[in-house]
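Just so we're on the same page: letters track the sequence lines, and every chain starts at 1.
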There are 2 protein chains.
Amino acid sequence: MSATDVTAPVARDGNASSRVAAGIRDAIAHGEYPPGSRLRQEEIAERFGASRVPVREALRALEAEGLVTLVANAGAWVSRLTLAECEEVYQTRERLEPLLLRHSAPHLLPEDLDRLEALATAMAATDDVGEFLRLDREFHMLSYSRADTLMLGDLVERLWNTTQPYRRAYTMLADADTRRIMHDEHHLMVVALREGDVEGAERTIEGHIRRTRRLLSRHPEVFSAE
Amino acid sequence: MSATDVTAPVARDGNASSRVAAGIRDAIAHGEYPPGSRLRQEEIAERFGASRVPVREALRALEAEGLVTLVANAGAWVSRLTLAECEEVYQTRERLEPLLLRHSAPHLLPEDLDRLEALATAMAATDDVGEFLRLDREFHMLSYSRADTLMLGDLVERLWNTTQPYRRAYTMLADADTRRIMHDEHHLMVVALREGDVEGAERTIEGHIRRTRRLLSRHPEVFSAE
DNA sequence: TACGACAGGATTGGATCCAATCCAAGGGCC
DNA sequence: GGCCCTTGGATTGGATCCAATCCTGTCGTA
């Protein structure tokens, strides 16, 4: 392979279908395609500069991830959750994230812990909901990032993705007290991780998710939208 | 393709890609495609009487389920697990199946309980490994069958599917004592369910899975096969 | 006016065709 | 003899084309 073989159609980083799937995932996360909105193959194909074949493969993958709902001969829609279904996702997270944290915690680096602390502080300081959501996601994902897992990490990320569209809505509904408690929990988790208290960190994350679940169960109006 | 296309219409119910995905899933479960074996698109297409397009969609879906591993421009293989990865799946099941059972248990019908008892008894009686695996899967899936869940039920089924190829191998390695304990646990679960003791049933299934995980961790030779 | 049949367009599903990539075997060169 | 390059076949990836299905608006009739 000569050094001049630059073969630089750089844009294509992996297959088209993976790229399209990642793009749709991202667009949904950013609220570009809200829950219940229709996904037309041709529109997506044009947007990502591909034909409909890789788009269809991407939609199949996203369906298996739970992000998209396919109906034969009808089309694809961004999955919409009822309150009960969202609670189910949170119940599941309540079980899985402590386990994932257990895998990750022992391998977190000092710089990770510093970053976690900075994120927790930044979250407490910001008033912008979008910024808060971004920081919150980074905080939790960073805490899991050192887990060497086959599927558990991906699984948790998927659960986050399916509920992401609703997070914004109910985050705004949290009162000052609730928000303060959330921030305390974040800081508690950093402390536990610094002390190498994995079990304490696990309990904290479990309580954190449970509290969030209860918060959203008090706000069914977020899901009623037709 | 002959001019008079008399090929049996292969009972096309639903899309081709769903059918193909289900078929591959089934073939893997039955050991027809062992872990690590390659899946050629054309061969699968011919087998299911479809073109390669729906096959590729099916493979994408199965990849998202964790059953198949895709490598760009190289091909698809049945996912192969290391011992550590298999333990991870069991750890995950340990957390999720009690939760799923909690959703299902209150809605189990008397006839379900009778069937569960019959299955537990039949399992204790049989000496055929294939038969045992079939009964075992039916037992557990039946215990979850009344759960009205969005994704938790599917998720657990997927975890079963990814480890199914290994179950046969280590089941044969269980000694008489271990086997007796497993049967006791099955019967205990039926009793707990009959008494409406959901928490007891949860504890039993958790212990059952943990015990199985420990059993397989003592038999790394099942996974070493290159 | 209400309701059902129907036609047209729009959209999805599937098959075939072509391009890009990979793998293995064989030949040339040091 | 060993190593690198090339070349052919095999396989995957993507695009275009065609068929099947669905949705919608319109017309006709009771």
Quiz item: Would you call the rings of B:Tyr90 and B:Tyr170 parallel, tilted or perpendicular, where under 30° means parallel and over 60° means perpendicular?
Solution: perpendicular
Quiz item: CG of A:Asp26: more than 12 outside heavy atoms within 6.0 angstrom?
Solution: yes
Self-check item: Length of the CG-P vector between A:Asn73 and D:dA19, whole Å
Solution: 16 Å
Exercise. Pick base, sugar-phosphate or nothing for B:Arg40, based on heavy-atom distances below 4.0 Å to the nucleic acid.
Key: sugar-phosphate
Exercise. Mind checking B:Leu59 for me? I need base, sugar-phosphate or nothing, with any heavy atom below 4.0 Å counting as a touch.
Key: nothing
Exercise. Would you kindly give the CD-to-P distance between B:Glu46 and D:dA10, to the nearest whole Å?
Key: 15 Å
Quiz item: Within the modelled atom types, does a donor on one side and an acceptor on the other bring the side chain of A:Arg56 and the base of C:dG14 under 3.5 Å apart?
Solution: yes
Quiz item: What nucleic acid atoms does A:Ala76 come within less than 4.0 Å of, heavy atoms only: base, sugar-phosphate, or nothing?
Solution: nothing
Practice problem: Grab the CZ-P distance between B:Phe48 and C:dA15 for me, whole Å please. | Solution: 14 Å
Exercise. Could you check whether B:Leu70 gets within reach of a base, just the sugar-phosphate, or nothing at all, counting any heavy atom under 4.0 Å?
Key: nothing
Self-check item: Distance, rounded to the nearest Å, where B:Arg52 contributes CZ and D:dT12 contributes P
Solution: 7 Å
Quiz item: Just checking B:Arg38: base, sugar-phosphate only, or nothing, at a heavy-atom cut-off of under 4.0 Å?
Solution: sugar-phosphate
Quiz item: Any luck finding a side-chain donor-acceptor pair between A:Glu221 and A:His219 under 3.5 Å?
Solution: yes
Quiz item: How long is the line joining CD of A:Glu57 and P of D:dT12, in whole Å?
Solution: 12 Å
Quiz item: B:Arg210: what forms a side chain to side chain contact (heavy atoms under 4.5 Å, CB included) with it, not counting sequence neighbours?
Solution: B:Glu94, B:Glu206, B:Arg213, B:Arg214
Self-check item: Length of the line joining B:Glu63:CD and D:dT12:P, which is rounded to integer Å
Solution: 14 Å
Self-check item: Distance, rounded to the nearest Å, where A:Glu42 contributes CD and C:dT12 contributes P
Solution: 8 Å
Quiz item: How do A:Ser17 and A:Ala72 order along DNA chain D: which one's closest nucleotide is nearer the 5' end?
Solution: A:Ser17
Quiz item: If every non-hydrogen atom of A:Ser145 is compared with every non-hydrogen atom of A:Ser104, which pair is closest and at what distance?
Solution: N-OG, 3.7 Å
Quiz item: For A:Asn15 and D:dG13, is the shortest distance between a side-chain N/O and OP1 or OP2 below 4.0 Å?
Solution: yes
Quiz prompt | B:Gln41 vs D:dA10: side-chain N/O to OP1/OP2 distance below 4.0 Å | solution = no
